[in-house]
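Convention: sequence-line order gives letters A, B, ...; per-chain numbering from 1.
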Amino acid sequence: MLEITRIKENKAEIIELLKVRNMDAAAQIEKIIAVDEQWRSNKQKQDSLLAEGNAIAKQIGQLFAQKKQEEAEEAKKRGGELRDEEKAVAEVVNALADELQNLLYEIPNVPHPSVPAGNSDEDNVKISESGQIPVVGKNWLPHWELAKKHEIIDFEMGVKVTGAGFPFYTGKGARLQRALINFFLDEARDAGYKEIIPPFVVNEASGYATGQLPDKEGQMYHDAQDNLYLIPTAEVPLTNMYRNVILKEEELPIKLTGYTPCFRREAGSYGSDVRGLNRLHQFDKVEIVRVEHPSQSYEVLDQMVAYVQGLLTKLNLPYRTLRLCGGDLGFTAALTIDLEVYSAAQDKWLEVSSISNFEAYQANRLKLRFKDADKKKNLAHTLNGSALALPRILAALLENNQTDNGINIPEVLVPYTGFETI
RNA sequence: GGAUAGUUGGCAGAGUGGUCGAAUGCACUAGUCUUGAAAACUAGCGUACCGCAAGGUACCGAGAGUUCGAAUCUCUCACUGUCCGCCA
């Protein structure tokens, strides 16, 4: 969430930038400032009541020690009154604090000035495009047909055992999946990221800290019995490792990578978007996460984009790079770069990576700070990106590399798969 | 799942109703001494919030309660250790 001091000091600018999200936050911002003002004055009142009460309580102790019973009784009466008074004020203070908290939770991150205006993914701005778009052959099949033909993914079995969106990978399909995971992890390690295997389930506090809650409540699988959530991305457990942490400045930057399955309910999705591997309830992803000094974070974002572009180049997949518009920007992100891969047979660009700078928005919820040389505490910046999401990579690989003699595995993956064609 | 013990500052560990935000030791920071280091000595050393400041408030696992006053008493919950059971 945004820092209240930032809201107060940059009110006009924040309202202006939030318009890029098609959001008129003016009324909410005013409300926040008003509630904060009220909270402050009530809090001061409460503090002084408590101070007085503490002083009297101390006095009573001394009076008893001096055997001054009557005076002590008198003071007790006054103490009782103060307590009642304080209780009443405390209720107001707590209510205001709750209200303020909830209001702040409802304000999304302020978009970076470079975020273009727009309503939907159609308004995202293309930055670049690379790689050779394959010429589609006569008998080319979409990946779901290929999967069936070569018996590498079993969607029906998934429906039988679990439900739609939970496919089985079988035989060479499973091995290719594992190969991709290992390839991505090895690449990340070589780029200096520390590998983590986190829990795939997180508690409520973690969900709030990275911003999935309350914004995406309905999008996560929830175990009500233990109040735990299946992770929608490794971002949640990896970033939450640093919840409530004060780092030394020299510990920055933190570079983490992790493979996890990701679980998403995807309520409200439909149509050709969900065909085959295009959108699943469970999918595999390797994520990269960084904790950075605020002065570095945008430079780092560029590095991360370049890194992921490098992966796609190695896999020989045509891709394009997009700057997300305000309407498509995630709730907690200040700037997001998407990478889309061209999947030839279905003639679609598929999002395979989303790389975001959250600036201090997550860090403020996480209470993730670092101490600078003057021992001053500052919020760190957090960033993350997919590197990469597997199913759509798989879809594009299958579709783009199909030949009359089977599907060719990209050279870089062969050491991992142990086979060259499917 | 059953029984039992516990949860105090970076760590260890005192503290069972009133000068306790909390002894002491270790660690850490700065200084003295030293050619340098170690040792010794001296001082400092939690977090958050309010306030221009002086200062104030809160925090001893979490929440509620008793009391003029709670780390200390009561209740609820969470977590950890140990033993038993079950199990990868």
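Nucleotides B:rG13 and B:rA62 are separated by 23 Å at their C1' atoms, to the nearest Å. When the P atom is compared between B:rA38 and B:rU72, the two are found 42 Å apart, to the nearest whole Å. The same atom, C1', is picked in B:rA5 and in B:rC59; the two are 26 Å apart, to the nearest Å. Comparing B:rU8 with B:rA88, their C1' atoms are spaced 37 Å from each other, to the whole Å. A gap of 14 Å separates the P atoms of B:rA12 and B:rG81, to the nearest Å. Taking atom P on both B:rC49 and B:rG1, the two are 38 Å apart, rounded to the nearest angstrom. Rounded to a whole angstrom, the distance from the P atom of B:rA27 to that of B:rC41 is 12 Å. Nucleotides B:rA23 and B:rG9 place their P atoms 12 Å apart, quoted to the nearest Å.
Aromatic ring pairs are classed by plane angle as parallel below 30°, tilted from 30° to 60° and perpendicular above 60°; the pair A:Tyr416 and A:Phe183 is perpendicular. Aromatic ring pairs are classed by plane angle as parallel below 30°, tilted from 30° to 60° and perpendicular above 60°; the pair A:Tyr361 and A:Phe331 is perpendicular.
Note that the first and last nucleotides of RNA chain B, 5' to 3', having any atom under 4.0 angstrom from a heavy atom of chain A are B:rG18 to B:rG69.
No contact: A:Ala75 has no heavy atom under 4.0 Å from any strand. Looking at heavy-atom distances under 4.0 Å, A:Gly61 makes contact with a base. As judged by a 4.0 angstrom heavy-atom cut-off over every strand, A:Lys377 is placed among residues touching the sugar-phosphate backbone only. Among the protein residues, A:Ile56 comes within range of no part of the nucleic acid, since none of its heavy atoms lies under 4.0 Å from any strand. Nucleic acid contact class of A:Arg83 (heavy atoms, under 4.0 Å, all strands): base.
Environment of CZ in A:Arg40: crowded, with over 12 heavy atoms of neighbouring residues, nucleotides or ligands closer than 6.0 Å.
Between A:Asp47 and A:Phe64, the residue whose closest nucleotide on RNA chain B is further toward the 5' end is A:Phe64. Projected onto RNA chain B by closest heavy-atom contact, A:Lys371 and A:Gln46 fall at different nucleotides, the more 5' of which corresponds to A:Lys371.
In a base pair of the Watson-Crick type (N1 to N3 plus N6-O4 or O6-N4) or a G-U wobble (N1-O2 and O6-N3), with each distance short of 3.5 Å, B:rU74 is matched with B:rA64. When Watson-Crick and G-U wobble pairs are counted only if both distances are under 3.5 Å, B:rU47 pairs with B:rA58. A 3.5 Å limit on both hydrogen-bonding distances identifies no Watson-Crick or G-U partner for B:rA38. Nucleotide B:rG69: unpaired (no Watson-Crick or G-U wobble partner with both distances less than 3.5 Å). Across every strand in view, B:rU19 sits unpaired, with no contact that passes the Watson-Crick or G-U test at under 3.5 angstrom. Base pairing annotation: B:rA12 forms a Watson-Crick or G-U wobble pair with B:rU24, both donor-acceptor distances under 3.5 Å. Pair check for B:rC79 finds B:rG6; Watson-Crick or G-U wobble, both atom distances under 3.5 Å.
Residues A:His143 and A:Leu277 come closest through the heavy atom pair NE2-N, 2.8 Å.
For A:Phe358 and A:His381, the distance between ring centers is not under 6.0 angstrom.
A side-chain donor-acceptor contact under 3.5 Å links A:Arg243 and A:Asn240.
A distance-only check finds no donor-acceptor pair linking the side chain of A:Asn42 to the backbone of A:Val93 [under 3.5 Å]. With hydrogens and angles disregarded, no donor-acceptor distance shorter than 3.5 Å links the side chain of A:Glu287 to the backbone of A:Asn384. One N or O on the side chain of A:Thr210 and one on the backbone of A:Ser206 form a donor-acceptor pair closer than 3.5 Å. Using a distance-only test at 3.5 Å, with no hydrogens or angles considered, a donor-acceptor pair links the side chain of A:Glu251 to the main chain of A:Lys248.
For the segment residues 86-96 of chain A, the set of residues with a heavy atom within less than 4.0 Å of an atom of RNA chain B comprises A:Lys87, in numerical order.
Sorted by first then second residue, the ring-ring contact (aromatic ring centres under 6.0 Å, His included) pairs that include residues 66-120 of chain A, not counting sequence neighbours, are A:Tyr105-A:Tyr208, A:His112-A:Tyr298.
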